[in-house]
Amino acid sequence: QVQLVESGGGLVQPGGSLRLSCAASGFPFSMLAMRWYRQVPGKEREWVARIGSTGVDTNYAYSVKGRFTISRDNAKNTVDLQMNSLKIEDTAVYYCNVWTSGRDHWGQGTQVTVSS
């Protein structure tokens, strides 16, 4: 079955950096695009970034463009999100996502808190 396990969240001061990682299994990882989303309590889940199957094409939400970088390692079945210049408004639970077998699959999420 599809498994997505996020890690790397934590508490960081404004302007700081964090690197999230998602370990994937149970599907043909190297053939599928991967995405990161985030969610704040009481709000809808928000798309953050996408990376194509080969890692060449990437897309970002306007709110994170220029600060976040998505990357993947198809040999290790991992997708990372490097987050720099973090802002208080980046505080959220971050989720790894893949669309396969006709539906979205999600990890359990990892909490990122940006606070002074």
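This chain uses plain numbering: 1 for the first residue, then up along the sequence.
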Between [X] and [Y], is there a donor-acceptor pair closer than 3.5 Å when you use the side chain of the first and the backbone of the second?
{"X": "S116", "Y": "Q13", "value": "no"}
{"X": "Y60", "Y": "I70", "value": "yes"}
{"X": "Q108", "Y": "E6", "value": "yes"}

If you measure from [atom1] on [X] to [atom2] on [Y], what distance do you get to the nearest 0.5 Å?
{"X": "S21", "Y": "Q82", "atom1": "OG", "atom2": "CD", "result": "11.0 Å"}
{"X": "C22", "Y": "L81", "atom1": "SG", "atom2": "CG", "result": "10.5 Å"}
{"X": "R38", "Y": "K43", "atom1": "CZ", "atom2": "NZ", "result": "9.5 Å"}
{"X": "Y94", "Y": "E46", "atom1": "OH", "atom2": "CD", "result": "8.0 Å"}
{"X": "N77", "Y": "M34", "atom1": "CG", "atom2": "CE", "result": "9.0 Å"}
{"X": "L18", "Y": "N84", "atom1": "CG", "atom2": "CG", "result": "9.5 Å"}

Could you pull out all donor-acceptor pairs under 3.5 Å where a side-chain atom in residues 95-102 meets a protein atom, sequence neighbours excluded?
unit_1: N97; atom_1: ND2; unit_2: D104; atom_2: OD1; d: 3.1
unit_1: N97; atom_1: ND2; unit_2: H105; atom_2: O; d: 3.4

What residues form a side-chain hydrogen bond (donor to acceptor under 3.5 Å, both in side chains) with N74, not counting sequence neighbours?
->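 Once residues adjacent in sequence are excluded, the partners of N74 under the side-chain hydrogen bond (donor to acceptor under 3.5 Å, both in side chains) criterion are R72.
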Mind checking what makes side-chain hydrogen bond (donor to acceptor under 3.5 Å, both in side chains) contact with T110, not counting sequence neighbours?
->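 Counting only residues at least two positions away or on another chain, T110 forms no side-chain hydrogen bond (donor to acceptor under 3.5 Å, both in side chains).
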Who pairs with D80 by salt bridge (Lys or Arg N to Asp or Glu O under 4.0 Å), at least two apart in sequence or on another chain?
->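 D80: salt bridge (Lys or Arg N to Asp or Glu O under 4.0 Å) contacts with R19.
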Salt bridge (Lys or Arg N to Asp or Glu O under 4.0 Å) partners for R35, two or more places apart |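 Scan of R35 (salt bridge (Lys or Arg N to Asp or Glu O under 4.0 Å), adjacent residues dropped) gives none.
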Transitively linked via ILVMFWY side-chain contacts under 4.5 Å: [X] with [Y]?
{"X": "V79", "Y": "V112", "value": "yes"}
{"X": "F29", "Y": "V2", "value": "yes"}
{"X": "Y37", "Y": "I51", "value": "no"}
{"X": "F68", "Y": "V12", "value": "yes"}

Which residues satisfy the side-chain contact (heavy atoms from CB on, under 4.5 Å) test with S115, sequence neighbours excluded?
->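 Listed in chain order: L11, T113.
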